[in-house]
2 protein chains.
Amino acid sequence: MKSDTVYKRAFNQALDIIVAGNWEEGPPSETVLGRDMGVSRTTVRKVLSRLGERHILAAAERGRRTILRRPQPDDYFPDAETTSRTQHVESRFMDWMLRGDTRPGTLINELELARQFSVATASIREFLIRFSRFGLIEKRPNSGWLFKGFTPAFALELFEIRVMFELRSARLFAMQPADSPLWVKLEALRADHLKLLREIETRYHDFSDLDSRFHQLISRAVPNRFIDEFYDVISLIFHYHYQWNKKDEKQRNEAAIEEHLAYMDGLESRDVTSVERACLHHLNSARETLLRSLMSHDEFGKSP
Amino acid sequence: MKSDTVYKRAFNQALDIIVAGNWEEGPPSETVLGRDMGVSRTTVRKVLSRLGERHILAAAERGRRTILRRPQPDDYFPDAETTSRTQHVESRFMDWMLRGDTRPGTLINELELARQFSVATASIREFLIRFSRFGLIEKRPNSGWLFKGFTPAFALELFEIRVMFELRSARLFAMQPADSPLWVKLEALRADHLKLLREIETRYHDFSDLDSRFHQLISRAVPNRFIDEFYDVISLIFHYHYQWNKKDEKQRNEAAIEEHLAYMDGLESRDVTSVERACLHHLNSARETLLRSLMSHDEFGKSP
DNA sequence: AACTTGTTTTTTGCCGTTAAAAAACGTACC
DNA sequence: GGTACGTTTTTTAACGGCAAAAAACAAGTT
């Protein structure tokens with residue numbers, strides 16, 4: 001059956017809101033609550049009912065509920081129970097693919113994965129169909145899925161497209177009118193970059209988030225659904241890949257921040273040539289990093 | 001349960017082979033047969049067994065089966081029984097989307113479509129997940145799918161990418177060495193274009209096939225899985241779209257053939273500027289055609 | 001009339017199961 | 001040892017069903 005992670009996540013979220021002291025006057029209406037937490041009223045009512053059972057919230061009295069006590073750590077549902085089946089399958093699969101000794105050419109067996117991840121085959125199937133657009137697996141009808149490998153060839157093809165898309169978006173960004181709100185956002189992002197650079201010693205893994213915010217800002221200046229979709233591919237690849245490859249993370253990120261700053265200078269100069277130069281410089285070094293990491297994985301982690 | 005379309009298609013295919021007179025000495029071994037028809041031995045045996053039941057093939061005698069009679073039209077399974085569930089859902093959905101009065105912003109209901117197409121919801125779900133990469137629908141978790149519409153905006157975004165990819169591929173094609181087999185293939189394709197142009201009055205719908213062969217040839221010169229995948233999007237869109245919009249088909253195709261020929265001249269000149277000019281000219285007119293057709297559909301077919 | 005909460009209906013997400021199809025296993029023949 | 005065919009096992013494709021979550025409906029309140 002369907003998992004109740006939506007409810008459990010919403011419940012934890014409600015506890016956070018109470019802790020933050022936002023319900024001093026009692027919670028807002030069910031409808032408003034549902035909108036704020038992004039769930040249906042059905043779920044809101046389930047959350048409120050549990051808050052009542054646990055004596056955190058008093059029963060409604062003349063349409064007003066009051067807070068009885070401050071939530072404690074053990075009121076929360078554990079994190080493991082708040083990740084949906086879909087997320088679970090995704091992370092297990094990425095792990096299996098990136099960390100396991102899965103070699104290019106391997107045939108993926110739905111049934112086996114289902115057993116291994118303890119989910120139904122349908123969940124695996126749906127995931128694989130969704131995942132197939134990332135270009136790493138390919139369907140063989142009435143047979144399994146072919147794993148094509150997270151290989152240098154994959155990285156090169158990915159970056160060929162990425163360069164085309166990013167150059168296009170960077171050029172269009174530089175052509176935005178001076179009063180566009182994008183420039184303000186870019187300045188804010190520059191400030192975040194500078195801040196992170198000062199605190200690089202301790203906060204260097206926060207770069208990954210900054211990186212995706214930066215590239216999203218550029219590419220969303222003039223949106224195109226196919227480019228947006230492609231960025232989902234990039235994000236997922238980098239998300240899992242960097243979770244696995246921590247080597248030289250600090251140096252890599254420090255260098256990338258400098259490249260981003262130069263890239264921003266280029267954009268603000270509005271000079272196409274310097275935009276392109278800075279953009280290419282950054283993407284080339286990103287490609288090198290990814291390639292180097294794939295090679296070393298091949299050499300030390302996977303050879304027979 | 002699973003449909004037996006694989007078997008039925010294979011059976012019809014076997015009848016064709018017999019009619020073509022290729023089994024005069026009896027059929028080859030089950031293994032070879034399976035490889036040739038692209039099915040497993042299990043299916044081959046089912047086919048052979050039915051051929052026996054219907055007295056088309058005699059029982060094996062000293063390892064040799066012989067043909068008893070020539071297959072008749074009523075030996076064939078009807079076409080309707082040879083289309084897989086997946087194909088069926090695809091064509092029904094495209095019809096629903098393109099011909100029906102489905103407006104942008106409509107929420108797609110899995111259950112309703114399942115009932116309408118008489119398939120299980122899982123089949124619809126899987127199709128929608130696969131289809132979502134075409135950028136026309138978007139998932140709303142725990143709710144349905146949002147139909148974003150086959151709108152001019154969609155066509156413009158599609159062509160923005162198409163132009164980027166095609167210019168890249170055309171440039172790379174023009175840079176191929178003179179002894180590359182691609183040039184031979186291009187010449188053959190040119191001949192097909194000229195032939196079709198001469199017989200345009202009667203054979204004008206054959207252009208669609210020629211068009212996709214031409215663009216595939218160019219883009220596969222230096223392959224990139226993401227570009228290949230994007231061409232699947234283009235092919236599907238054009239396949240169903242032109243099935244529906246027949247207006248001015250002859251003139252449109254005639255003009256497109258001329259553009260293709262100019263494009264080929266550009267490629268063979270190996271001059272980047274002329275390649276780009278011819279390529280852009282063709283793509284611009286293709287975009288115009290699609291846009292015009294979308295507009296007229298909006299105006300006359302769908303307005304309330 | 002817009003809002004709020006209680007109740008019912010519908011739809012999604014997910015599992016278990018079954019027939020079709022593939023793959024693996026076994027045996028015999030040359 | 002390789003190839004051909006009979007048999008068994010495994011896997012995919014697709015259905016029906018059930019709990020979670022959303023959506024629709026209903027009635028009461030301000």
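Every chain is numbered from 1, with letters handed out A, B, ... down the list of sequences.
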For A:F11, does the six-membered ring have the charged nitrogen or CZ of A:R50 within the cation-pi criterion, i.e. under 6.0 angstrom from the centroid and within 45° of the normal? yes
Residue pair A:L15 / A:I56, side-chain heavy-atom distance below 4.5 Å: yes
Answer yes when A:D79 and A:R9 have at least one side-chain N-carboxylate O distance shorter than 4.0 Å, and no when they do not. no
Quick one: does any side-chain atom of B:R65 pair with a main-chain N or O of B:A58 as donor and acceptor, under 3.5 Å? no
Between atom CG in A:D4 and atom P in D:dA22, what is the gap in whole Å? 12 Å
When you compare the side chains of A:D95 and A:Y240, does any donor N or O come within less than 3.5 Å of an acceptor on the partner? no
Main-chain N/O of A:E157 paired to B:N224 side chain as donor or acceptor, under 3.5 Å: yes
Rounded off to whole Å, could you give me the CG-to-C1' distance for the A:L57 and C:dT5 pair? 15 Å
Salt bridge present between B:E126 and A:R125 (N-O < 4.0 angstrom): yes
Can you see if the side chain of A:R115 gets near the phosphate of D:dT11 - specifically, an N or O under 4.0 Å from OP1 or OP2? yes
Here the residues of residues 25-54 of chain A within 4.0 Å heavy-atom distance, strictly under, of DNA chain D are A:V39, A:S40, A:R41, A:T42, A:T43, A:K46
Interatomic distance where CZ belongs to B:F11 and P belongs to C:dA21 [whole Å]: 14 Å
Salt bridge or not for B:R130 and B:E90, using N-O below 4.0 Å? no
Output a table of nitrogen or oxygen pairs between the protein and nucleotides 28-30 of chain D separated by less than 3.5 Å.
none

Tabulated below should be each protein N or O lying under 3.5 Å from an N or O of nucleotides 12-15 of chain C; please produce it.
| residue | atom | partner | partner atom | Å |
| --- | --- | --- | --- | --- |
| C:dT12 | OP1 | B:E110 | N | 3.2 |
| C:dT12 | OP2 | B:E110 | N | 3.4 |
| C:dT12 | OP2 | B:L111 | N | 3.1 |
| C:dT12 | O2 | A:K2 | NZ | 2.9 |
| C:dG13 | OP1 | B:K139 | NZ | 2.9 |
| C:dG13 | OP1 | B:N142 | N | 2.8 |
| C:dG13 | OP2 | B:R125 | NH1 | 2.4 |
| C:dG13 | OP2 | B:R125 | NH2 | 2.7 |
| C:dG13 | OP2 | B:K139 | NZ | 2.9 |
| C:dC15 | OP1 | A:R85 | NE | 2.9 |
| C:dC15 | OP2 | A:A120 | N | 2.8 |
| C:dC15 | OP2 | A:S123 | OG | 2.9 |

For A:L146 and C:dA22, give me the distance from atom CG to atom P, rounded to whole Å. 17 Å
Atom CZ of residue position B:R213 - does it have more than 12 heavy atoms of other residues, nucleotides or ligands inside 6.0 Å? yes
Would you call the rings of B:F93 and B:F131 parallel, tilted or perpendicular, where under 30° means parallel and over 60° means perpendicular? perpendicular
Taking the inter-plane angle between the rings of A:F150 and A:F154 on a 0 to 90° scale, is it parallel (under 30°), tilted (30 to 60°) or perpendicular (over 60°)? tilted
Euclidean distance, atom NZ of residue B:K8 to atom P of C:dA20 [Å, nearest integer]: 10 Å
